[in-house]
Amino acid sequence: MIEKIINSMFHGNLKTKIFLWSVVLMAASAIFLLMAGIILGNVFLGFGGVVIGLAGLITSQSVSLNDLQRAKKKKKKKEKKDKEKMQEEPSPGRDSEEEEFVQEERSKKEKDREKAKYLSSMNDKKLKKIMKEHKVNQIHVKVMIDSYPAKDIEQAPAFMWRTDTMLHFMTLTGQAEEFEVPLEDIKGFLLVKNVAANPDKDYAFFQYSGFISKMFQPYLPEYFETTNDGQLETKKSTFRIEPGIYLTNSSVANLRKVLLPGVAFLVDDQVIASTRFNEYFKELYRSSLLCKNMVITLDEYREQIPKTLDALLDAPISGTEFVNTIYDLNKYRLISKNDVVTYTQRYRELKMSSH
């Protein structure tokens, strides 16, 4: 017990130290005054020592050391709880970023639930009413918007139509929403290759609405697999029109034919950028990409081959360039060997007749 008291005098909290040292000082003062009173024969000094001694005794009995220790433990417990609370709260930097990510995921899930609920309630009567309210033109097409980041639109079925100066969109997400794009801003369709995809999670709303699924099924993206460091990855291609609207590959065919027949098809890749290939090669190369992405049919591509090769025959190019172009077209499987033989023979006959 004495060891515990001494330890608390030097290592206890402030309240404990004040209490113990005050008791010790009062006891020492009482003893000193009593001894002085006896030696000097002074009654008043002795009486003062008795009074201080009684005060010290009363003080020592007013608060127990256990009470002080419990208060100390209580304080430590509170400090521990405060520390744990601080650890649970997001700290700056990475923790706040993680919290933001969690909030974004919750927001996305909430939007997905709203979209699913809205689309599952859709039927023919309701859709016709919505289209009438938004004044959807009778000449319209169905498309799938893969993404439009500026308006936070992702994987949304939409109706598109045009007026004199605008291309109009009406999307079906958590509700019917309309926006428009000036026709003069749309300079072409830009092919965006090898976009990361997840067929199991993409376009999840299709599992909730049979009516919408049946209507927009033809406009889902075409998926394909590529390898990356030996690992299979699922990809898709999209087409971008300004101002940053990405459409699925299967949406572009009827849009291009019905609404924007004169808009150019744009490709930004190594083949188009290369100076090795002339414009006749690039023309068939672009057509082959349109065919692979279901924008034109295989028959339409085959119709394009003789048109391009006939233009190549009449082109003001050297015999070497003609032969190299025919060779490259066959090498990249854009034309058949039969086409090579046929047009090489026609080129020779044309040159012979010109001399």
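- The two residues G188 and I241 make their nearest non-hydrogen contact at O-CG2, 3.9 Å.
- Side-chain contact check for Y219 and N249: no donor-acceptor pair (N or O, by modelled atom type) lies under 3.5 Å.
- For the residue pair N228 / E233, a side-chain donor-acceptor distance below 3.5 Å is found, with atom types taken as modelled.
- Under a cut-off of 6.0 angstrom, the local environment of NZ in K282 is crowded, with over 12 non-hydrogen atoms contributed by other residues, nucleotides or ligands.
- In the displayed structure, K128 atom NZ is contacted under 6.0 Å by at most 12 heavy atoms of other residues, nucleotides or ligands.
- Taking the six-membered ring for Trp and the full ring otherwise, the centers of Y148 and F179 sit less than 6.0 Å from each other.
- Counted by atom type alone, T325 and D328 present zero donor-acceptor pairs between their side chains at under 3.5 Å.
- At most 12 non-hydrogen atoms from other residues, nucleotides or ligands lie less than 6.0 angstrom from CG of D268.
- The distance between the ring centers of Y347 and F322 falls below 6.0 angstrom.
- Note: F211 and F216 fail the aromatic proximity criterion, with ring centroids not under 6.0 Å apart.
- F277 and Y332 have their aromatic ring centers within a separation under 6.0 angstrom.
- Judged purely by distance below 3.5 Å, without hydrogens or angles, the side chains of E222 and N293 never pair a donor atom with an acceptor atom.
- Heavy atoms of other residues, nucleotides or ligands lying less than 6.0 angstrom from CD1 of I139 number 12 at most.
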